[in-house]
Amino acid sequence: TVDVTVPALSLVALVGISGSGKSTFARRLFGPHEVLSSDAFRAMVSGDENDQSATADAFELLFAVAGKRLDRGLLTVVDATHVQPEARRKLVALARAHDVLPAAVVLDVPEAECAARNAARPDRQFGRGVLRRQSDQLRRGMRSLAKEGFRSVTVLRSAAEVDAARLVRTP
Ligand code: ATP
Ligand code: MG
């Protein structure tokens, strides 16, 4: 088993392409109110969790909720792909603004496996190019997470490692 070690009061970024299992992983290891999902916020503001035009509004509200939680001393997980450096930069800045530690958990599951999973999802019928692009972005960013300011970084290197992961909260 792999230990995913996060500070008890942290802002945790899940990092992984669509289909890598972020939402499933978050449901298994964290409490329901600890996880803020970009899809849920997109759905709240637009009625459609896949409406990309709602992304800016969704993140504005997600970050507002995350900030309120962190100010109350509550660990918060952001369930979004975080494959773009700009998305991670904003999360690190939010953590710093609220005096908590930013943590990253990377779900590095092969693109083909993610594509196969997504093919079975009615709500994720986007073209193969989307996954390709996300995968390229992830590859480029994965080595620099500590340099970007993440104070704890865990990389789960296969679906099996994701399945076996245990959560450890450090005081
Ligand atoms: P998205 O970025 O599109 O929201 P995601 O990273 O949140 O994707 P999930 O929704 O958790 O991915 O999982 C994608 C699909 O893969 C789901 O159908 C889920 O049931 C399946 N799945 C998730 N984790 C596993 C796993 N560890 N083993 C097998 N199947 C899995
Ligand atoms: Mg998801």
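For this chain, numbers begin at 1 and follow the sequence in order. Everything numeric here is computed off the predicted structure, so don't read it as measured data. Order of listing sets the numbers, starting from 1, for every ligand and every atom in it.
- Contacts of T24 with ligand 1, taken as heavy-atom pairs under 4.0 Å, involve both backbone and side chain.
- Put simply, the side chain of S10 does not reach to within 4.5 Å of the side chain of V100, judged on heavy atoms.
- Hydrophobic clustering (ILVMFWY, side-chain heavy atoms < 4.5 Å, transitive): V92 and V78 are in one cluster.
- What sits closest to atom 14 (C) of ligand 1 on the protein, heavy atoms only, is R121 NH1, 3.7 Å.
- Ligand-side atoms of ligand 1 in range of D39: 4 (O), range being under 4.0 angstrom from any heavy atom.
- Between the side chain of E161 and the main chain of R157, a donor-acceptor pair closer than 3.5 Å is present.
- Among the candidates D51, D48, T55, N50, the single residue satisfying the side-chain hydrogen bond (donor to acceptor under 3.5 Å, both in side chains) test with R42 is T55.
- By the 3.5 Å distance cut-off applied to N or O atoms, R124 is counted among the residues near ligand 1.
- Here E34 pairs with R169 in a salt bridge; the nearest charged N to carboxylate O distance falls below 4.0 Å.
- Residues V6 and T154 form no side-chain contact, since every pair of their non-hydrogen atoms from C-beta on lies 4.5 Å or further apart.
- Between the choices A159, G19, A80, the shortest heavy-atom distance to atom 8 (O) of ligand 1 belongs to G19.
- Residue contacts with ligand 1 leave out G16, since none of its heavy atoms falls under 4.0 Å from the ligand.
- Nearby protein atoms of type N, O or S around the Mg ion (ligand 2) amount to 1 (distance under 2.8 Å).
- The shortest N or O to N or O distance between D79 and ligand 1 is not below 3.5 Å.
- In this structure, L36 and F63 have side chains that are not in contact, with every pair of non-hydrogen atoms separated by 4.5 Å or more.
- When each atom of ligand 1 is checked for a heavy atom of S18 under 4.0 Å away, the hits are 1 (P), 2 (O), 3 (O), 8 (O).
- Ligand 1 has I17 within reach: a non-hydrogen atom of the residue lies less than 4.0 Å from it.
- Close approach to S20 involves these atoms of ligand 1, each under 4.0 Å from a residue heavy atom: 6 (O).
- Side-chain contact between V130 and S18 is absent, with no heavy-atom pair separated by less than 4.5 Å.
- Between L61 and M44 the shortest side-chain heavy-atom distance does not fall below 4.5 Å.
- Using a 4.0 Å cut-off between charged nitrogen and carboxylate oxygen, R132 and E111 count as a salt-bridge pair.
- For V162, no heavy-atom contact with ligand 1 is shorter than 4.0 Å.
- Nearest protein heavy-atom neighbour of atom 27 (N) of ligand 1: D163 OD1, 2.4 Å.
- Not one N or O on the side chain of R124 forms a donor-acceptor pair closer than 3.5 Å with the backbone of N118.
- Nearest to atom 6 (O) of ligand 1 by heavy-atom distance, out of K22, E49, R28, Q134, is K22.
- In this structure, atom 12 (O) of ligand 1 lies nearest to the protein heavy atom G21 N, 3.2 Å.
- Taking the side chain as every heavy atom from C-beta outward, H98 and R69 never approach each other to under 4.5 Å.
- In summary, D39 and K22 do not engage in a salt bridge, as defined by a charged side-chain N under 4.0 Å from a carboxylate O.
- Here R117 has side-chain heavy atoms under 4.0 Å from ligand 1, and that is the only part of it that gets that close.
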